[in-house]
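Structure, as structure tokens:
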Amino acid sequence: MNDRLAHGPAAPRGCPVAHGEAEEEAREGANDGTIGGAIAGVRDLVDDGAPARPDDGVPDRADGGAADGGGPTRLYGPGSAADPYGIHARLREEYGAVAPVLLEGDVPAWLVLGYRENRRVLDNAHQFSRDARVWRDRKEGRVDDTSPLIPMLGWRPDCVSQDGAPHRRLRGAVTDNLRTLAGRGIRRHVAHFAHRQIDAFAATGSADLVSEFAEYLPMLVLTRLFGLPAAEGRNLAVSCAQVIKGGADALAHNDLIMRILADLAERKRAEPGADFTTGLIAHEAGLDADEVLSHLRLVLITAHTTTSNLLARVLQLVLTDTSRLAGLVGGELDVSAVVEEVLWNTPPLAVLPGRFAVVDLELAGRRIKEGDLLVLALGAANLDPEIRPDAGVSVRGNQSHLAFSGGAHECPGQGIGEAIIGTAVDVLLHRLPGLRLAVPAGELTSTASTWEARLDRLPVEFAVRPEEE
């Protein structure tokens, strides 16, 4: 696919309104508004002549494509991998701010597309819980332990899976230790590993900045922060990516991550150090062994996958716009401004997993039933025409995007991620004079899973310094 957004290349930041709740009527001709009704009656919204869905409840709709037989869109499979933002835009046009979709295994969910609706879900844990134990399809056995959705949506003894006081206790242990790491300085670790990555290709005059730089750098930094051997970095990066991607191998890669981290935790109990792992073990919140392990997994996967994706997107934006590149090289533009633009337009986590309805309620005219799963289209929400009617309007400095989620569960490590990206870009521009894109910008492609869209490659050329030869 052409990697440019449907709203135009490099659409600048928009200006969201306050976090109010928009009242919105259901579209004329829609079904009764429930997920069950959506599966049974969505053909009325799409194609009046389409045949009814099969009695077994599995729709005939092509993966990510137009309705063939009248059913919700699948957010997985080959059809959905090519143009997720296009799919989200079509769903918004068909259904409005909340659309019925199917996740891997044809598991039903609501995709929340509107900015205001996302804010309502994120800010209201009394109606929309992060606790998957209320998920009806899980409770009734339609989603079991072998589902590839479990690594992303299943309940664990971590802060992301809790609300209220349990969440505050566990999150406090994470945020305290992230703050401690930030205070000790992270940029020196980033610079060390960035130089090591660049050393491998600096004498060649060309590189792929996805596979040779962005894809592994954040994990190498995390191995240092966790107290892991750097040699584990590449395997862990591959496994983290597979967990997010889903598919048949997701569970096996999740198990591999858990084994490595369990060994790490056991070693740090015997040999404490000045690292994140030791900090979790020793924190005053008194995390038990399962809680420590679950939080190591949570931080490792989310920090690496989002930061590596964001770094690749920042480099893409810089290299496809010579004015931004010149501004960074000349010191007239700060990397943080480019990061902010990417967070608005192509956030690293395009769809956030999951919230679960605690009670029957209505959201944007849709009847949400207790136990329904909702997944949050953060990327689509950031591009919502209701709050960004003119995508050409720049609001530099406006940080009310949803790229880091929001509410009580907003990402606590965003400062560390931005420090990694800022340092990595600075080192790269210093080491590689004349850095430029080696292919036309229109040839850059991305591949998406349910949750994210990742840049496939970023080929570049640069001058070779005499000392590198």
Side-chain angles (χ1 to χ4, degrees), residues 13-14 16 19 115 118-119 121-123 130 152 158-160 167-168 170-190 194 214 217-222 224-226 240 244 276 279-280 295-318 334-353 376-379 381-382 395-426 451-454:
R13 295 165 297 281
H19 300 157
Y115 182 91
N118 270 277
R119 290 293 339 183
V121 173
L122 290 168
D123 291 341
R130 190 59 183 86
M152 295 297 291
D158 61 29
C159 60
V160 169
H167 167 258
R168 290 190 293 272
L170 296 171
R171 182 182 170 95
V174 173
T175 55
D176 288 349
N177 281 286
L178 291 177
R179 193 178 302 116
T180 298
L181 291 177
R184 291 175 183 153
I186 290 175
R187 294 181 185 274
R188 70 183 189 278
H189 300 312
V190 183
L217 177 60
M219 182 59 76
L220 293 172
V221 175
L222 288 167
R224 181 67 58 87
L225 300 181
F226 275 53
C240 287
I244 300 290
F276 182 73
L280 280 182
H295 285 93
L296 291 174
R297 173 195 178 275
L298 170 68
V299 174
L300 187 83
I301 293 176
T302 56
H304 170 69
T305 55
T306 57
T307 306
S308 61
N309 196 353
L310 183 56
L311 176 56
R313 293 296 184 181
V314 167
L315 291 171
Q316 176 191 10
L317 188 55
V318 168
D334 191 86
V335 176
S336 62
V338 183
V339 171
E340 185 180 275
E341 189 168 350
V342 173
L343 291 172
W344 271 109
N345 295 316
T346 51
L349 203 61
V351 178
L352 179 71
L376 309 183
L378 305 181
N382 283 346
V395 285
R396 179 174 293 182
N398 188 325
Q399 298 181 353
S400 53
H401 57 75
L402 298 179
F404 294 121
S405 181
H409 290 276
E410 183 172 352
C411 173
Q414 52 196 272
I416 290 177
E418 290 178 357
I420 291 174
I421 290 167
T423 306
V425 173
D426 286 345
W451 316 110
E452 63 173 6
R454 299 187 77 87

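Along the sequence shown, residues are numbered consecutively beginning with 1.
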Inter-residue atom distance [X].[atom1] - [Y].[atom2], 0.5 Å rounding:
X: Asn309; Y: Thr346; atom1: CG; atom2: OG1; value: 8.0 Å
X: Leu296; Y: Ile301; atom1: CG; atom2: CD1; value: 11.0 Å
X: Leu298; Y: Leu170; atom1: CG; atom2: CG; value: 10.5 Å
X: Met219; Y: Thr307; atom1: CE; atom2: OG1; value: 10.0 Å
X: Phe404; Y: Glu410; atom1: CZ; atom2: CD; value: 8.5 Å
X: His189; Y: Leu220; atom1: NE2; atom2: CG; value: 12.5 Å

If you take all heavy atoms of [X] and [Y], which pair is closest and at what distance?
X: Leu343; Y: Ala403; value: O-CB, 3.5 Å
X: Phe276; Y: Leu178; value: CE1-CD2, 4.0 Å
X: Ile244; Y: Trp451; value: O-CD1, 3.1 Å
X: Ile186; Y: Leu181; value: CG1-O, 3.8 Å
X: Leu222; Y: Ala303; value: CD1-CB, 3.9 Å
X: Asn382; Y: Pro347; value: ND2-CG, 4.1 Å

Can you name the salt bridge (charged side-chain N to carboxylate O under 4.0 Å, His left out) partners of [X], sequence neighbours left out?
X: Arg184; answer: none
X: Glu452; answer: Arg454
X: Asp426; answer: none

Does [X] have any side chain to side chain donor-acceptor pair (under 3.5 Å) partners at least two apart in sequence or in another chain, and if so, which?
X: Thr423; answer: Arg187
X: Thr180; answer: none
X: Arg130; answer: none

Report yes if the side chains of Asn345 and His401 come closer than 4.5 Å at any heavy-atom pair, otherwise no.
no
Ring pair (Phe, Tyr, Trp, His ring centres under 6.0 Å) pairs, two or more places apart, involving residues 295-315:
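Output for this query is empty, none listed.
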Run the side chain to side chain contact (heavy atoms under 4.5 Å, CB included) test against [X] and tell me which residues pass, sequence neighbours left out.
X: Leu376; value: Val112, Asn118, Val121, Leu122, Leu352, Arg355, Leu378
X: Val425; value: Leu311, Val314, Leu315, Leu328, Val335, Ile421, Leu429
X: Ala350; value: Tyr85
X: Arg171; value: Cys159, His167, Thr175, Pro412

Got a donor-acceptor contact below 3.5 angstrom from the Glu340 side chain to the Gln399 backbone?
no
For the backbone of Ala173 and the side chain of Asn177, can you confirm whether one donor and one acceptor N or O come within less than 3.5 Å of each other?
yes
